[in-house]
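These figures come from a predicted structure and were not determined experimentally.
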Amino acid sequence: MSCHVHVKPGFSLCITADIVVAANLTSYLLVHQTAALPTKSFTFTTPACRNVTQGTNQIVMNCADIDIITASFVPEGGEEINATGFNYQNEDEKVTLCFPSILQKGSGSLKIDFVGELNDKMKGFYRSKYMTPSGENRYAAVTQFEATDARRAFPCWDEPAIKATFDITLIVPKDRIALSNMNVVDRKPYPEDHSLVEVKFATTPIMSTYLVAFVIGEYDFVESQSSDGVTVRVYTPVGKAEQGKFALEVATKTLPFYKDYFSVPYPLPKIDLIAIADFAAGAMENWGLVTYRETALLIDPKNSCASSRQWVALVVGHELAHQWFGNLVTMEWWTHLWLNEGFASWIEYLCVDHCFPEYDIWTQFVSADYTRALDLDALDNSHPIEVDVGHPSEVDEIFDAISYSKGASVIRMLHNYIGDEVRGHVQPADLWECLEQASGKPIAAVMNSWTKQMGFPIIVVDQEQHGSDRVLKISQKKFCASGPRNDENCPNWMVPISICTSEDPSCTKMKVLLDQPETTVNVTNIAPDHWIKINPGTVGFYRIQYSSAMLESLLPGIRDLTLLPVDRLGLQNDLFSLVRRHTLKCQVTHKPVWILRNVKWAFYTQMTWLLFSPVSRSGHLDALLRGLVLGKLGKAGHKGTLEEARRRFREHVEGKQILPADLRSPVYLTVLKHGDSTTLDTMLKLHKQADMQEEKNRIERVLGAIPAPDLIQRVLNFALSEEVRPQDTVSVIGGVAGSSKQGRKAAWKFVKDNWEELHNRYQGGFLISRLIKLTVDGFAIDKMAAEVKSFFESHHAPAAERTVQQCCENILLNAAWLKRDAEDIHQYLLQRKAPPV
């Protein structure tokens with residue numbers, strides 16, 4: 001039975017939950033839940049679409065992994081009616097409460113007593129293992145309800161449009177901290193057990209179930225107030241309050257920024273940010289109580305690298321944006337997840353650029369989100385930004401780079417097209433209509449072409465000089481990673497096109513809207529020796545194919561660096577993608593690609609000592625570049641880099657000279673790539689001794705670089721050991737798969753051999769999709785696509801079906817590319833081979 005419950009406007013669903021947590025935090029009992037239900041305000045929808053608007057003797061709710069003890073309904077002013085049966089529909093995650101008589105139209109209260117178990121699935125109401133400063137293992141009880149897991153903590157109508165107010169009371173051990181969405185209004189001894197306390201929280205605003213949260217555990221915190229008076233706390237593991245100060249600084253800067261941007265104050269009296277030891281996602285935007293992985297919140301001034309600081313700033317900016325866009329206003333259904341996540345993924349960069357302009361964060365957006373989205377959306381097995389969603393497994397499947405990164409990229413393009421007019425609306429149709437009125441531009445038609453159809457265009461450009469004017473011939477076709485298509489039904493997009501020239505590369509000279517397959521654009525007052533660049537800032541979500549003459553004309557701007565870094569990056573990425581899909585031959589791109597290289601390898605290989613010099617005075621971008629260059633040189637076996645890395649690693653292990661945080665990843669990678677069993681033993685010892693999760697993750701990600709087959713197997717076994725947190729197993733296996741051909745084969749065999757354990761551990765969530773992608777996406781042999789497909793036909797992973805299809809497609813694309821261009825690339829590199837250094 002498929003059934004949706006809709007609460008009509010003007011009514012609220014109020015839930016009061018008193019939770020008793022046993023001292024060992026292994027199970028919980030929801031003693032009492034009361035839901036005030038105006039029965040005239042909800043409708044049951046059956047598969048036959050019959051609307052039940054009269055009395056009923058059944059109530060259908062979402063429910064999973066819960067045993068109901070008793071349930072009753074009390075009509076307003078009437079007598080209690082006890083439910084006589086509970087019919088669980090486990091596959092649909094629902095329960096039907098059956099009553100002996102008709103529940104008449106009108107208001108009343110639904111009371112449910114039920115029990116549940118703190119699970120180890122990192123979803124619903126679950127336990128998170130942590131170690132105390134004295135070395136004792138203990139558990140916290142935490143929640144993760146997005147997308148559809150509130151039903152694992154209490155029976156409810158678990159849909160984003162069905163909002164309610166929540167009155168939450170937690171009954172917890174008296175030596176534990178209890179947190180929820182709202183501030184504490186009362187804390188008193190629990191009369192039935194003096195080892196417990198009863199903590200009552202203020203009533204929440206009306207909100208969706210997926211945003212409800214509670215946490216019980218041992219934590220320290222740092223506290224401040226934003227300039228607009230909001231109390232901000234960052235909760236950390238005990239003894240690590242100092243590591244919460246950077247996130248606190250970011251949060252207190254971010255809240256006023258969003259208040260000004262949205263012209264709406266933060267509506268709650270407090271906001272807590274808390275680091276959770278076992279956490280599947282990066283973070284979760286629960287209203288007033290935002291939960292994070294430790295690595296997405298904690299920064300040690302002495303032991304955290306620049307990339308970690310940047311990551312924390314971005315994640316904090318993302319989750320706090322949701323406090324407005326997602327929490328205050330919410331999508332009606334998961335079909336519009338992209339607007340929720342895409343907007344937050346865009347505005348996190350806007351916020352970080354405001355708070356930390358030295359990060360040059362928009363260039364990094366292009367190298368991360370923008371490029372990732374283009375690569376995925378070029379596949380035949382991509383999907384539109386907006387997709388119909390039914391079963392919970394389908395919701396998990398769209399938490400991907402299309403919803404996040406393409407969503408962010410399209411919103412960035414829209415923002416550039418109309419200016420800074422975007423505000424917090426929830427219905428896309430309403431939002432586009434509002435923006436149309438404000439801008440006078442066809443926003444709905446433009447955005448529908450980007451959100452309702454899969455893929456993106458390649459913009460083909462040629463030029464002719466007519467006197468002092470430049471005439472551009474611009475056309476669009478669907479870009480497919482597998483190559484050009486001659487399809488008469490090829491889709492078209494409404495494409496905002498920006499144009500700049502060598503006269504001022506940082507300024508847009510002209511904007512046009514390409515709303516047809518091809519057009520001609522006249523750019524006035526352009527000298528014959530000046531170049532023209534399409535898509536300045538790499539803002540438009542499309543690839544560009546220039547004519548040979550136009551591409552040649554851009555080379556001076558690349559050589560003298562007048563073409564901005566973000567544009568050189570976009571140009572290089574477009575050329576790479578055109579070669580991969582065989583639109584251009586490798587030889588055509590040799591010259592611009594070689595000139596485009598930003599890293600002067602000849603200089604770096606001669607100046608290794610400079611790369612290893614103290615980095616305390618280096619800027620943020622220098623620190624990122626230093627780690628990148630050293631990692632590449634070390635992995636390639638550059639003699640000077642390898643010798644210096646080994647020396648510094650030895651001094652680090654012996655405690656003589658601790659490695660700066662920004663140098664640890666490249667040094668660890670280098671010594672492992674050229675190491676033996678002693679190196680691996682030393683690295684595993686460092687992992688065991690590490691007190692900070694960032695350091696543990698740093699080591700876990702590079703362990704797979706070890707070359708010997710028997711040591712690779714040790715690393716894979718280590719991934720499933722108690723030494724690695726459940727959410728980090730994926731990174732260890734992925735690190736092995738990404739390090740070498742041998743590692744990829746070993747990782748794939750390991751995943752197959754341990755599939756049941758891995759699948760049960762992640763229970764069909766998005767981590768299983770990430771594991772599959774990291775393990776098999778890099779294969780470049782045709783037969784591997786067939787093997788991967790065959791395996792998952794007999795080992796179903798519903799939440800990863802699309803990921804499997806995408807991986808198989810990528811494997812075939814890799815194989816075709818290798819066959820086509822391997823020899824040409826080999827000869828080219830031989831010609832460029834430098835003498836030994």
Side-chain angles (χ1 to χ4, degrees), residues 3-9 11-19 28 30 32-38 41-42 44 59-66 68 71 92-95 97 110 112 114 116 119 121-126 141-170 179-182 201-215 268 281 284-291 319 322-323 326-337 340-341 389-392 394-396 399 426 765:
C3 187
H4 298 283
V5 183
H6 300 281
V7 177
K8 295 180 181 178
F11 297 93
S12 64
L13 173 65
C14 301
I15 296 178
T16 300
D18 295 333
I19 303 173
Y28 71 93
L30 282 145
H32 185 67
Q33 170 179 295
T34 304
L37 291 174
S41 70
F42 62 81
F44 290 93
I59 294 177
V60 181
M61 308 175 74
N62 291 115
C63 178
D65 300 333
I66 282 174
I68 296 175
D92 291 331
E93 299 182 346
K94 292 175 182 176
V95 64
L97 310 181
L110 176 67
I112 306 174
F114 56 98
N119 68 67
K121 302 172 185 176
M122 294 186 288
K123 63 182 181 179
F125 192 22
Y126 72 94
V142 303
T143 58
Q144 169 59 37
F145 291 163
E146 190 181 30
T148 57
D149 290 314
R151 64 192 66 179
R152 299 181 192 280
F154 49 86
C156 56
W157 292 276
D158 202 9
E159 300 183 8
I162 305 177
K163 293 190 172 187
T165 60
F166 294 85
D167 293 280
I168 295 174
T169 300
L170 302 179
L179 301 171
S180 190
N181 304 85
M182 297 298 291
F201 299 89
T203 302
T204 71
I206 188 168
M207 58 190 277
S208 303
T209 50
Y210 80 89
L211 297 170
V212 175
F214 27 91
V215 176
L268 275 59
M284 174 60 207
E285 67 266 20
N286 314 299
W287 212 356
L289 176 57
V290 187
T291 45
E319 304 307 329
H322 276 311
Q323 305 303 301
N327 299 5
L328 185 61
V329 288
T330 311
M331 62 206 162
E332 280 197 340
W333 183 239
W334 298 107
T335 295
H336 303 309
L337 172 73
N340 190 21
E341 294 299 349
V389 173
H391 193 272
E394 296 173 16
V395 181
D396 291 334
F399 279 84
V426 63

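A 4.5 Å side-chain heavy-atom check between F166 and F154 finds at least one atom pair inside the cut-off. I66 places a side-chain heavy atom less than 4.5 Å from the side chain of P155. Contact of the Y210 side chain with the E285 side chain is registered, since non-hydrogen atoms from C-beta on lie closer than 4.5 Å. With a 4.5 Å cut-off on side-chain heavy atoms, K123 and E146 do not count as touching. Inter-residue side-chain proximity for V95 and I59 is flagged as unmet; no heavy-atom pair is nearer than 4.5 Å. Counting only heavy atoms from C-beta outward, the side chains of N181 and F214 never approach each other to under 4.5 Å. Counting only heavy atoms from C-beta outward, the side chains of Q323 and L328 never approach each other to under 4.5 Å. Considering only heavy atoms from C-beta on, S208 stays 4.5 Å or farther from I162 through its side chain.
The main-chain N or O of M331 is never found under 3.5 Å from a side-chain atom of N340 such that the two would form a donor-acceptor pair. A donor-acceptor pair under 3.5 Å is absent between the side-chain atoms of T165 and the main chain of T204, judged by distance alone.
Salt-bridge check for K121 with D149: failed, with every basic side-chain N at 4.0 Å or more from each acidic carboxylate O. With respect to the salt-bridge test (charged N to carboxylate O, under 4.0 angstrom), the residues R152 and E93 qualify.
Scanning both residues, F114 and A153, for their nearest heavy atoms gives CE1-O, 3.3 Å. Shown here for L97 and A71, the closest heavy-atom pair between the two residues is CD1-CB, 4.2 Å.
Looking at L211, V290, N327 one by one, the single match for side chain to side chain contact (heavy atoms under 4.5 Å, CB included) with H322 turns out to be N327.
S180 contributes atom OG, which lies 3.5 Å from atom CD1 of I168 (distance to the nearest 0.5 angstrom). Of the inter-residue distances, the one linking F201 atom CZ with L289 atom CG reads 8.5 Å to the nearest 0.5 angstrom. The distance from atom CD of Q144 to atom CE of M284, rounded to the nearest 0.5 Å, is 5.5 Å.
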task = Take I68 and I112, measure what side chain to side chain contact (heavy atoms under 4.5 Å, CB included) needs, and give me the verdict at the end.
result = CA-CA 7 Å; I68 296 175; I112 306 174; 3.8 Å; yes
request  = Applying side chain to side chain contact (heavy atoms under 4.5 Å, CB included), run through N119 and F125 and close with a yes or a no.
outcome  = CA-CA 7 Å; N119 68 67; F125 192 22; 5.6 Å; no
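For D158 and T209, the side-chain atoms include at least one donor-acceptor pair closer than 3.5 Å. Residues T291 and N286 have side chains that bring a donor and an acceptor to within less than 3.5 angstrom of each other. Using modelled atom types, one finds a donor on one side chain and an acceptor on the other under 3.5 Å when comparing T203 with D167.
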